[in-house]
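Inspection log for the structure reproduced underneath, given as structure tokens.
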Amino acid sequence: MIQSKIAETISKWVENALELPFTIFCDLIPDEDADGACIRHDPTPAAEKRFTDGSRLVSRNFTFYTRCRDADNAQDYGKRIVDTLEGATIDSADGIKIDCEAVTLPQFIDTDAKGYTTYSASAKCTYLED
């Protein structure tokens, strides 16, 4: 599925650009007792630009969830992620150019029973799909 490939490409690029102390997983943060992050694709509108050659210009929103024991770190990592993606163009391994822009600043989600605080921050990613 191209959405998951795009999410994986973006998360790996962010990890490398920021040298984060954790992996950005797709959909879930698997370790419940450690700081972490994940990326999820959000529902997007069905309207896309379609071209006569069969390609289409696709825009997808991706949300990064950062969870840390220190709430300030969770918020800071979210801000660093969207700041890094703002205006960035990422080249995927299969030659897709992904243009990114920040959509939201980090938003508080929750502090869980174990004391971890989660923030979310979103980016819009646009690419040409054959």
Side-chain angles (χ1 to χ4, degrees):
M1 176 184 232
I2 195 156
Q3 278 182 177
S4 62
K5 287 183 184 178
I6 297 297
E8 289 171 7
T9 298
I10 293 166
S11 65
K12 293 296 178 206
W13 185 87
V14 168
E15 283 178 25
N16 291 331
L18 293 179
E19 298 178 5
L20 296 170
F22 45 73
T23 299
I24 300 174
F25 293 95
C26 287
D27 294 322
L28 297 170
I29 303 170
D31 188 351
E32 65 185 46
D33 293 319
D35 293 352
C38 70
I39 182 174
R40 291 183 182 163
H41 65 275
D42 296 337
T44 55
E48 299 171 342
K49 290 184 181 177
R50 297 180 186 269
F51 303 103
T52 56
D53 65 357
S55 64
R56 58 191 179 142
L57 189 62
V58 180
S59 289
R60 302 232 187 265
N61 287 348
F62 291 95
T63 299
F64 290 86
Y65 293 86
T66 53
R67 184 191 69 208
C68 297
R69 172 98 43 204
D70 181 327
D72 290 337
N73 285 347
Q75 184 179 26
D76 180 59
Y77 288 133
K79 178 140 177 29
R80 288 175 55 200
I81 289 169
V82 292
D83 285 351
T84 299
L85 286 171
E86 177 61 32
T89 298
I90 301 169
D91 294 318
S92 74
D94 49 353
I96 297 173
K97 290 196 177 301
I98 308 163
D99 295 319
C100 304
E101 65 181 277
V103 175
T104 68
L105 292 172
Q107 304 294 311
F108 173 78
I109 299 293
D110 188 335
T111 299
D112 66 18
K114 293 184 177 187
Y116 287 92
T117 299
T118 302
Y119 276 81
S120 70
S122 297
K124 178 179 164 185
C125 300
T126 306
Y127 56 94
L128 188 65
E129 189 175 276
D130 293 329

Review item, side-chain donor-acceptor pairs of residues 12-31, under 3.5 Å, at least two apart:
residue	atom	partner	partner atom	Å
E15	OE2	I24	N	2.6
N16	ND2	K12	O	3.3
D31	OD1	D33	N	3.0

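- The closest side-chain heavy-atom distance from R60 to Y127 is below 4.5 Å.
- Taking OG1 from T118 and CD from Q107, the interatomic distance works out to 13.5 Å, rounded to the nearest 0.5 Å.
- Two different hydrophobic clusters hold I81 and Y65 under the rule that ILVMFWY side chains link at heavy-atom gaps under 4.5 Å.
- Note: D76 CG to D70 CG = 9.5 Å, rounded to the nearest 0.5 Å.
- Applying the side chain to side chain donor-acceptor pair (under 3.5 Å) rule to E32 yields the partners K114; only residues at least two apart in sequence or on another chain are considered.
- For the side chain to side chain donor-acceptor pair (under 3.5 Å) test, no residue two or more places apart in sequence or in another chain qualifies with D112.
- A donor-acceptor distance shorter than 3.5 angstrom exists from the side chain of T104 to the backbone of S122, with no hydrogens or angles considered.
- Between the R40 side chain and the A7 main chain, no donor and acceptor come within less than 3.5 Å of each other.
- Cluster membership check: Y119 does not share its hydrophobic cluster with V82, using side-chain heavy-atom separations under 4.5 Å among Ile, Leu, Val, Met, Phe, Trp and Tyr.
- One distance of note links NZ of K49 with OG of S59; it measures 8.5 Å at 0.5 Å rounding.
- A side-chain N or O of D42 and one of T63 form a donor-acceptor pair less than 3.5 Å apart.
- In this structure, D35 and C68 approach most closely via the heavy-atom pair OD1-CA, 3.1 Å.
- Counting only residues at least two apart or in different chains, salt bridge (Lys or Arg N to Asp or Glu O under 4.0 Å) contacts with residues 115-127 are absent.
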Just distance, no hydrogens or angles: give the donor-acceptor pairs under 3.5 Å from side chains in residues 95-103, sequence neighbours left out.
residue	atom	partner	partner atom	Å
K97	NZ	D91	OD1	2.8
D99	OD1	T89	OG1	2.8

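- R69 pairs by the side chain to side chain donor-acceptor pair (under 3.5 Å) definition with Y116, not counting sequence neighbours.
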Going through the checks in order, is the side chain to side chain contact (heavy atoms under 4.5 Å, CB included) test met by L85 and I10? CA-CA 9 Å; L85 286 171; I10 293 166; 4.1 Å; yes

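- Residue A71 comes nearest to T117 through the heavy atom pair CB-OG1, 3.6 Å, listed as atom of the first residue, atom of the second, then distance.
- With a 4.5 Å cut-off on side-chain heavy atoms, L128 and S55 count as touching.
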